[in-house]
Protein chains: 2
Amino acid sequence: MKKKHTIKDIAQAAGVSIGTVDRVLHKRGKVSEKALKAVTDALNNLNYKPNPIARTLKNNTIYSIKVLLPDPEMDPYWKRCMEGINETIEEFSAFDLEIETHCYDPSEPSSFSKTGEQLIQTENLNALLFVPLFEMESNALLKKLGEKQILSATFNSSLSNDLIDQHTGQDLYSSGRVGAKLIHSLIKPDSKIAIVHIDEAFNNAVHMKQKEQGFISFFKDFGSFQIQTLTLNSNEFEVKFPNFVTQFDTMDAFFVTTSKAYEIVKALKKENKKCSIVGYDLLPRNVSCLKTGEIDFLIHQSPKTQASLGLRGLIETLIFGKEIPKKQLLPIDIVNSENVDSYLI
Amino acid sequence: MKKKHTIKDIAQAAGVSIGTVDRVLHKRGKVSEKALKAVTDALNNLNYKPNPIARTLKNNTIYSIKVLLPDPEMDPYWKRCMEGINETIEEFSAFDLEIETHCYDPSEPSSFSKTGEQLIQTENLNALLFVPLFEMESNALLKKLGEKQILSATFNSSLSNDLIDQHTGQDLYSSGRVGAKLIHSLIKPDSKIAIVHIDEAFNNAVHMKQKEQGFISFFKDFGSFQIQTLTLNSNEFEVKFPNFVTQFDTMDAFFVTTSKAYEIVKALKKENKKCSIVGYDLLPRNVSCLKTGEIDFLIHQSPKTQASLGLRGLIETLIFGKEIPKKQLLPIDIVNSENVDSYLI
DNA sequence: AGAGTTTATGTGTACGATAACATTTTTTTG
DNA sequence: CAAAAAAATGTTATCGTACACATAAACTCT
């Protein structure tokens with residue numbers, strides 16, 4: 001195989017100077033018909049592709065990227081996202097990048113708006129990666145990003161907004177169906193199933209709803225099950241859950257749409273009951289319940305990978321001009337006690 | 001944030017010329033004690049990191065990489081690996097790389113040796129990525145690669161040989177345990193379980209053995225199960241399997257360590273039996289059995305990702321001088337009818 | 001037709017690292 | 001101590017692209 005062709009080769013083949021080739025490539029006019037044809041022909045014949053390495057070296061700008069995500073101190077789910085971000089920063093540390101991570105309070109839409117507002121005021125901001133927990137506020141932010149020509153990327157939560165340049169996440173409806181299938185494999189016909197939403201502030205409302213719909217859609221095809229839904233705030237959990245259990249007295253299985261499955265385990269222990277449980281996310285407390293058999297399956301949302309891929313996508317777009325797909329769906333990983341370690345590396 | 005420091009900055013800070021800095025960086029002597037100290041101090045103070053972009057541009061060599069894997073025509077499992085390789089080639093098409101893929105007959109150790117031998121004769125070969133199905137032959141190849149200073153990388157099958165620069169794969173023992181856990185969740189106590197190895201030529205012997213050991217180790221903790229093992233060549237399957245089933249008459253579950261789970265489905269249909277089945281790999285035929293419920297779970301070995309990551313690792317080492325970990329273990333993905341599509345993208 | 005404009009094309013330098021080459025400084029030796 | 005040899009240091013071209021600047025060709029207008 002021969003070396004790739006360079007601008008110089010094109011110039012020679014077309015019988016012009018590299019300046020003219022450059023003008024054709026960048027469409028900055030002042031080129032005669034004749035020269036234009038000669039150059040485009042040469043370009044096609046030799047199958048020219050610009051050398052991204054040389055281009056990047058020449059451009060030589062400090063790209064600025066900001067990341068905005070929920071505070072891991074307030075909800076430990078975000079810790080792994082933070083890890084993913086930091087690893088990616090480390091990975092590209094040899095490049096001229098300025099990457100800053102900022103957090104917002106996941107229970108406060110205004111916190112998101114305020115911080116987001118501040119970030120986009122930054123001089124020469126090239127891209128913003130964020131978790132759009134709040135729909136309205138996120139859309140407002142996206143509008144401003146669009147106006148300022150700042151690249152936008154989201155991960156974890158999905159939004160249907162065409163202004164988003166890149167999204168990394170999971171199909172939550174399918175994820176609900178996966179949960180349903182797992183529960184179904186664990187229980188006998190005519191069992192009683194509970195879908196439980198436990199969250200600090202219901203800001204994951206859309207999230208939880210999509211999973212619930214997927215879950216229910218699966219059981220539509222298997223009539224003989226009773227499904228109840230319980231929506232709870234983390235704080236009111238201790239009071240209301242025991243009530244719920246005694247009311248529907250013999251629950252057989254629980255599908256927990258948030259990362260709080262371990263709470264169910266704790267509560268059931270008190271009541272001295274054993275049920276099938278499927279939940280989300282590999283938080284340490286969930287993992288330990290999984291290993292003791294108190295949780296049957298967890299669905300992994302790959303928070304770390306989501307964050308990494310999101311950030312890496314932006315970086316590669318900026319530095320190498322790589323074209324990143326608008327939507328990148330990650331697989332829905334099923335985790336049990338035996339493969340959990342393979343996900344925790 | 002300020003721009004990264006360059007050699008020029010270091011030279012200035014140390015009060016020498018860039019030539020001297022370069023000599024220090026590359027340890028090619030002819031530097032006085034005094035200058036050496038000044039430069040190393042500056043290097044540390046300014047936290048210098050070479051610009052990989054500039055370095056690559058200057059080096060400007062055509063790197064040559066060869067890939068050697070089993071022929072997808074002979075075993076469709078390798079099709080997805082091929083896809084991964086091709087996508088990665090496409091992804092880096094803008095760089096000066098010469099990447100060639102070659103296949104060997106997975107049932108013929110000599111085919112592997114012969115092709116491998118040929119490949120490493122290539123003038124200026126920089127790296128070889130291969131699937132080490134055959135232990136002895138692979139070790140011989142690795143020795144020669146080491147002597148010729150050619151980067152070596154393996155994927156899919158693992159070998160304990162320190163000469164390998166990079167390996168991408170899965171922990172097969174754990175993978176067997178995962179299979180066991182899944183089967184366990186599907187059956188009643190005192191069930192009869194069969195471990196089945198079906199393969200063209202038993203060249204995956206190590207592979208299958210590791211999975212079997214993991215599987216059995218899981219059930220050691222749950223005494224009341226009967227486990228039988230059946231090792232079959234693909235060709236003799238039709239004859240010997242029915243025999244096996246009738247002999248152990250009421251088998252309840254099958255764990256198939258290769259990608260041929262669909263064969264079991266077919267055979268059981270003939271016998272008009274319904275059993276729990278856990279197998280490997282998302283071949284189209286397996287996937288369709290999974291969707292109809294004839295296979296309960298498949299374990300995904302991410303052949304495409306394995307191949308991609310392996311090749312990408314080599315490329316990034318060569319072009320960007322990235323440091324790639326010696327061993328990269330991929331998660332063991334559990335697949336059912338509901339999340340299978342999320343893995344097939 | 002010749003000065004002035006517009007339009008087209010060519011040239012030079014920079015990005016940062018590298019390495020060959022040139023120059024200076026120090027050491028050795030008769 | 002001067003000349004030769006060795007060691008240390010400095011200078012410069014190069015990789016491929018991008019863009020400012022310089023030059024050349026074509027055209028306008030009195």
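The figures that follow rest on heavy atoms only: side chains count, while hydrogens, waters and symmetry mates do not. Predicted, not measured: the structure shown is a model, and the values here were computed from it. The sequence lines fix the lettering, A, B, ..., with proteins before strands; numbering per chain opens at 1.
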May I have the list of side-chain donor-acceptor pairs in residues 310-318 of chain B shorter than 3.5 Å, sequence neighbours left out?
unit_1	atom_1	unit_2	atom_2	d
B:Arg312	NH2	B:Glu91	OE1	2.7
B:Arg312	NH2	B:Glu91	OE2	3.0
B:Glu316	OE1	B:Lys322	NZ	3.3
B:Thr317	OG1	B:Gly313	O	2.6

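A donor-acceptor pair is defined here as one N or O able to donate and one able to accept, closer than 3.5 Å; such a pair exists between the side chain of A:Asn44 and the backbone of A:Thr40. Under a 3.5 Å cut-off, the side chain of A:Asn126 and the backbone N or O of A:Ile65 do not form any donor-acceptor pair. Side chain of A:Gln170 to backbone of A:Pro331: a donor-acceptor contact under 3.5 angstrom is found. Under a 3.5 Å cut-off, the side chain of B:Thr154 and the backbone N or O of B:Pro132 do not form any donor-acceptor pair.
In summary, the aromatic rings of A:Tyr343 and A:His300 are positioned with their centroids under 6.0 Å apart. In this structure, A:Phe320 has its ring center no closer than 6.0 Å to that of A:Tyr63.
Mapping A:Ala35 and B:Leu57 onto DNA chain C by nearest heavy atom places A:Ala35 closer to the 5' end of the strand.
Across every non-hydrogen atom of B:Pro72 and B:Cys103, the tightest pair is CD-SG, 3.7 Å. For B:Ala94 against A:Pro50, the heavy-atom pair with the smallest separation is CB-O, 4.3 Å.
Using a 4.0 Å cutoff to heavy atoms of chain A, the contacted part of DNA chain C runs 5' to 3' from C:dA8 to C:dG16. Taking a heavy-atom distance under 4.0 Å as the criterion, the stretch of DNA chain D touched by chain A extends 5' to 3' from D:dG16 to D:dC19.
Taking a 4.0 Å limit (strictly below) on heavy-atom distances, residues 5-23 of chain A reaches DNA chain D at A:Thr6, A:Ile7, A:Asp22. The stretch residues 37-52 of chain A does not touch DNA chain C, since none of its heavy atoms comes less than 4.0 Å from the strand.
Classification of A:Lys114 and A:Glu117 as a salt-bridged pair fails, no side-chain N sitting under 4.0 Å from a carboxylate O.
Judged purely by distance below 3.5 Å, without hydrogens or angles, the side chains of B:Thr115 and B:His102 never pair a donor atom with an acceptor atom.
Comparing the axis of the opening five pairs of the helix from C:dA1-D:dT30 to C:dG30-D:dC1 with that of the closing five pairs yields an angle of 70°, rounded to 10°.
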